[in-house]
Structures are given as structure tokens and as C-alpha cells.
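We name chains A, B, ... by the order of the sequence lines, and we start the count at 1 in each one.
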Amino acid sequence: MPNKIIEVVNLRKTFQLKQKSAGFFGGVTSIFNSAYKEVEAVNNISFSVAEGELLAFIGPNGAGKSTTIKMLTGILFPTSGSIRVLGYNPQEQRQKLAYHIGSVFGQKPQLWYHLPPIDTYNLFSRIYELDQKQYQDRLNFLVEAFEIKDLLNTSVRKLSLGQRMRCEIVAALLHRPKIIFLDEPTIGLDVIAKQHIREVIKYLNEKEQVTIFLTSHDAGDIETLAKRTLVINHGKVIFDNSTEKFKKDYIKTKLIELVVDGSTKDFSFQEGNIIERTKFNVKIELNTSVTPIDKLLNYAMKNFDIKDMTVTNPPMEEIIADIYREKSV
Amino acid sequence: MSDIPILYSPGLSGKWLKYIAIAKISYFSATAYVLNLLAGSLIILIRAWIYTQLYTVAYTSYSLEQVGGLTVVMVVWSLTLTQSFQTSARPYASVLIEEEVKSGTLAYSINRPYSYILFHYFQFMGRVVANLGTNLILGFIFTLILIGNISFTWQGVLFGTITLFFGYIIEFLFSMIIGLMAFWIEDVSAIRWIYSKGQLVFGGLLVPLSLLPEKVRNIAEWLPFSQMYYVPARLLVNFDYSLLHKFLITQAVWVVILGVATYWTYKKGQKYVSINGG
């Protein structure tokens with residue numbers, strides 16, 4: 001049985017949020033009579049991650065995903081509970097742990113904004129005290145794998161979001177971390193860039209056996225990448241099982257949006273649920289385990305002149321609602 | 001977990017190389033846009049011109065040769081120097097730390113294998129070196145044209161440089177403490193405002209402390225504000241052995257006090273870190 005590389009037991013984190021009434025008098029009153037609201041960002045969660053695992057840690061905004069990652073990496077101190085990452089206590093041994101982990105936090109940059117990525121890479125090679133020969137070999141390999149050769153000497157501020165994200169991930173991998181924490185790595189990216197990042201993540205996990213702790217609220221990331229999914233909501237774990245089960249039970253439907261040339265008045269597809277209809281636009285919810293998408297497309301192409309089409313997963317909030325619904329039953 | 005393969009090569013030299021690399025990248029970043037760098041120096045030239053007008057009129061109106069041991073030429077040079085030193089240290093370390101907390105990039109900067117305080121110190125010094133060169137060259141040329149030459153002594157240059165080095169440490173530590181307060185309170189701009197005004201009044205940026213009434217000067221010379229830039233500027237324009245001892249002792253005391261305070265604030269503050277956003 002593989003090593004448990006992350007162990008979390010009864011972890012809690014509460015934040016004190018200052019409350020203030022609206023307006024000038026509210027502001028003055030709050031100086032003399034401060035009221036605080038306690039928010040349970042993470043509420044007594046326990047889980048473990050095995051070496052080489054690719055875990056999707058998902059949930060809607062404000063669920064406690066990032067707070068958990070920040071406690072696992074030692075940035076935030078838990079209110080109670082215990083954490084071991086690679087055998088280290090992240091809060092007490094943050095610097096030692098830092099040599100062995102890498103992190104990418106969504107849209108927060110770690111590359112120096114006015115300089116080309118190569119400058120940040122050289123800096124990191126010193127910060128992580130890398131042997132310079134090994135660093136060069138590692139850099140050459142990553143540059144090749146992530147296809148960033150042409151970006152190395154371009155100022156970061158001139159890179160597109162997708163290009164920058166690839167460069168950000170390379171920065172997190174130079175020191176060969178055992179675990180990489182990816183917090184919303186595909187946020188804000190277009191379909192192609194998302195695909196590219198997903199391939200890279202998959203490669204890291206499969207070829208380099210890097211343990212990956214991935215948070216996302218894009219169901220597509222989970223579907224394509226993770227073998228195990230852990231869903232968190234209001235600071236509590238509400239699902240912890242295989243991604244296969246998660247998909248089977250909760251991502252049963254796809255949303256297909258069609259833009260047609262002409263009226264959608266006569267659009268009628270019995271095997272799907274039309275959830276929105278405007279003059280040129282129709283949105284259908286389709287249970288893909290029963291009806292394949294191409295059946296809908298065949299019908300649409302036969303009867304309408306299709307101008308545009310998008311396929312999306314149901315929003316995370318809906319998946320969460322489904323999980324709760326099933327639990328209450 | 002003992003079987004973790006490591007790539008890094010630990011050692012004392014490796015530990016310090018990282019800080020030098022931080023200073024280097026900070027220097028590169030500050031010099032990435034030459035025009036920006038030059039524009040930052042413009043403010044010193046404008047202030048030098050204002051001080052020249054102001055102090056020339058004041059000295060000639062009262063037919064003064066020297067005040068507090070300084071001629072009008074020394075006063076203008078002293079002010080140009082303090083302005084150049086101070087402008088080179090911008091933006092404040094506290095601005096950067098507050099920004100890190102607000103933007104959430106603290107998650108990266110605090111989470112690397114280095115001392116967070118030294119990381120900011122070397123970043124600060126990289127910025128200082130980049131700005132100081134331009135500020136001093138332009139300030140020198142312009143002041144020379146405006147008011148004329150001044151004779152620098154080798155002792156003044158040597159001890160001016162040494163005390164400037166300690167002056168920057170004091171500036172950094174003071175600003176770092178203010179920045180670290182952002183771990184508890186979100187907005188530290190009010191504290192920074194008070195600090196910058198203290199520096200302006202007691203730091204020899206508007207009036208050399210030698211020109212102040214004796215009682216005020218005695219107090220000001222013990223405050224950390226004067227130890228940052230006034231001390232090196234005073235030694236550079238008119239070196240005085242009797243002042244050197246006093247200045248070095250005062251600087252050492254402030255470096256120790258602020259160093260301990262910075263370390264303590266960081267140790268306490270890291271438990272209260274609350275990063276905005278996901």
C-alpha cells in the first residue's frame with residue numbers, strides 16, 4: 001500500500017470577521033464597540049493522500065479549499081487539528097517542507113512581472129539551493145515538455161494568461177517537488193489553454209509520480225484528471241470517493257447551448273430538457289448516460305442552421321445540491 | 001520521511017547565494033525601465049532647486065556665513081543627499097508587504113526556503129542600489145550647477161558610506177515592522193503616513209538638524225529618523241569626529257532595538273496571517 005504523504009485529522013480553521021453597520025455612524029460605532037462574526041472556513045475535516053495520487057479537492061467559492069491548501073503548506077495556522085505533510089508539521093517546519101513542495105495559486109503570480117521567466121527560474125535555482133548543472137538539465141527538460149522555449153526571454157507582463165500559467169507551473173517544478181498544490185490552475189483560461197494545462201498535470205503525475213493536490217471548481221478538470229475526488233462545502237467534506245463514482249452519480253448531465261439562424265420556436269427534443277429559450281438561442285440539459293450528445297446534434301443540424309454551440313458541465317453549486325439531496329434521501 | 005530524494009546542495013555559501021540572487025533580481029526589476037528610473041530622480045532635482053532658492057535667500061537676508069557649523073552650500077548639498085538617499089529606498093518595504101497580504105501573493109513569498117525578513121531586506125537593497133546610482137549622479141550634477149562645489153574628505157566619504165549602510169538597515173527594519181502589522185490589521189497606510197512625516201521632520205529632509213534649536217536637535221539626533229539619512233549626509237558634507245562616535249553608537253542601538261522588534265513582530269504575526277481571497 002502506498003505511503004500516506006498527507007495526513008489531516010480533525011482540522012478546523014475559524015476566522016474572526018469584523019462587522020460594521022453601514023454609513024458614517026456605523027463606522028464610528030464600530031471603533032468603540034467592535035463586533036466580530038466567527039466563520040468556520042474549515043470545519044473538522046479528516047483525510048489522507050497517498051504518494052503518487054492525483055486528488056481533486058473541489059467545492060464552490062468560499063467552501064474552504066484554499067484555506068485548507070494554505071494550512072497544508074504552512075501559510076495559515078489551524079485553529080485545531082493536526083496536519084502532517086511528508087512527515088513534517090507544516091506550521092513548525094515550513095522552511096524544511098518548502099524544499100519538497102511546489103504550489104501554483106490560480107491567478108496569483110509568482111514570476112517577476114517586469115522580467116522574463118528565465119530570471120525568476122534562475123532566482124529559484126538559488127533559493128532552492130539547486131546544483132547548477134542539475135538545474136540546467138531540469139530546466140531544459142521542463143522547457144521542452146511545457147513548450148515554453150519561445151517564452152523564456154519575454155517579459156512576463158507580455159505573456160497571455162495561458163502562456164503565463166505554463167511558465168508558473170514550470171517555476172513550481174524546478175526543484176522536483178514531491179507534492180504539488182495546484183489551486184485553480186485553469187481559472188480564466190480558454191478551452192485550448194485548459195487542455196494544455198491538463199495534459200501537463202497528467203504528465204507530471206503519470207511520468208514523474210508527483211503527488212498532485214488539485215483544487216478547482218471546473219468539473220472538466222476533475223473528469224479528465226483525477227482518480228479520486230473530495231468535495232468540500234461550508235468547510236465540511238461531503239464526498240470522498242472515486243472520480244468514476246462522482247461522475248456517475250453527480251455529473252450525469254451536460255448543458256448544451258445552441259445558437260441558430262432563425263427562430264427556435266419549433267425546437268423540440270423530447271430526450272432533453274429545454275431549460276432556456278430565446279429567439280435565436282436554446283439551452284438543453286441532457287443526461288448523457290442515456291442520450292448521447294450526437295443524437296441531439298443530429299436533430300439540431302437536420303432541422304436548424306446552427307451558428308454556434310457550447311457544451312458545459314453543470315455548475316458546481318448544482319452538483320453540491322445533488323449530493324445533499326442524495327444524502328437526505 | 002527520510003527517503004525523500006533531494007536535489008539541492010545545502011551549505012553555508014548556498015544559503016547566502018540565494019539572498020544575493022534576490023538582491024540581483026530586485027535590481028534587474030528596478031532597472032527594467034530606464035525612463036522610469038530617470039523620472040524618479042526628477043523629483044530630487046526639483047527639490048534641490050527649491051532648497052537652493054530658499055536657503056540662499058535665508059542666509060543672505062541675515063548675512064549669515066554659517067549656522068550650526070554649516071554654510072549655505074553645505075545645507076543644500078546635505079538636503080540633496082538626504083533626498084537622494086530617501087528616494088532610493090522607495091517604495092517602502094511596508095507597501096510591498098501590505099500589498100502581498102491584500103493580493104494574496106504572500107502565499108508564495110512567505111512559503112519558500114528562506115528567511116522572510118532577509119528576503120525583503122535583500123529585495124530592498126537591490127532596489128536601493130538601482131535607484132541610488134541614478135539619484136546620486138543626477139543630484140550631484142544638478143547641485144553642482146545650482147550652488148557650486150563642496151569639498152568632500154575621505155573620512156566623510158568612508159564614514160558617510162558606512163553610516164548610510166546602517167541607515168538603510170534602520171529604514172528597512174522600521175518599515176518592515178509597519179508592513180508586518182498588515183498580518184493583523186488590513187490597512188497600515190495611517191501608520192505609514194505618521195512614519196513618513198516623522199522622517200520628513202526629524203530626518204533632515206527639509207531642514208538639516210544642525211539648523212534646529214539646540215533642545216530640539218538634541219532630541220531629534222537620538223530618534224531613529226535622523227539615523228537613516230541625516231547622519232550620513234552630515235558626515236559627508238562636513239565630517240566631524242566628535243559626531244561620528246555619537247552617530248555610530250546611536251545607529252547600533254537602533255539597529256539592535258528594531259532588529260529584535262522586527263523578529264518578534266514576525267514571529268507573533270505569522271500566526272495571525274489571514275490572506276484575502278481564495
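- Sparse packing is recorded around OH of B:Tyr263, with 12 or fewer heavy atoms of other residues, nucleotides or ligands lying under 6.0 Å away.
- Between B:Leu106 atom CG and A:Leu76 atom CG the span is 9.0 Å, to the nearest 0.5 Å.
- For B:Ser26, the parts sitting under 4.5 Å from any heavy atom of chain A are the backbone and the side chain alike.
- Within a 6.0 Å radius of OH in A:Tyr121, other residues, nucleotides and ligands contribute more than 12 heavy atoms.
- Minimum interatomic distance between B:Tyr108 and A:Ser103 (heavy atoms only, all atoms of both residues): CE2-O, 3.4 Å.
- With values rounded to the nearest 0.5 angstrom, B:Lys18 atom NZ is found 10.5 Å from A:Leu123 atom CG.
- Residues B:Asn111 and A:Arg94 share a closest heavy-atom pair of OD1-CG, 3.4 Å.
- Counting heavy atoms of neighbouring residues, nucleotides and ligands inside a 6.0 Å radius, atom NZ of B:Lys197 exceeds 12 of them.
- Contacts of A:Ile127 with chain B are made by both backbone and side-chain atoms, with heavy-atom separations under 4.5 Å.
- At a 4.5 Å heavy-atom cutoff, A:Pro90 makes no contact with chain B through either its backbone or its side chain.
- Residue B:Ala107 comes nearest to A:Lys70 through the heavy atom pair CB-CE, 4.2 Å, listed as atom of the first residue, atom of the second, then distance.
- Taking the centre and axis of the six-membered ring of B:Tyr114, the NZ or CZ atom of A:Arg126 falls outside the cone set by 45° and 6.0 Å.
- The shortest non-hydrogen separation linking A:Ala98 to B:Arg112 is CB-C, 3.9 Å.
- Annotation for A:Phe77: atom CZ counts as buried by contact number, over 12 foreign heavy atoms lying within 6.0 Å.
- Counting heavy-atom pairs under 4.5 Å between each of A:Lys13, A:Arg157, A:Gln91, A:Glu184 and chain B puts A:Arg157 at the top.
- Identified under the salt bridge (charged side-chain N to carboxylate O under 4.0 Å, His left out) test for residues 19-41 of chain B, with sequence neighbours left out: none.
- Only the side chain of B:Tyr33 comes within contact range of chain A, with heavy atoms under 4.5 Å apart.
- With a 6.0 Å radius and a threshold of 12 heavy atoms from other residues, nucleotides or ligands, B:Trp184 has its CH2 atom above the threshold.
- For A:Phe124, the part lying under 4.5 angstrom from a heavy atom of chain B is the side chain only.
- At a 4.5 Å heavy-atom cutoff, A:Leu97 makes no contact with chain B through either its backbone or its side chain.
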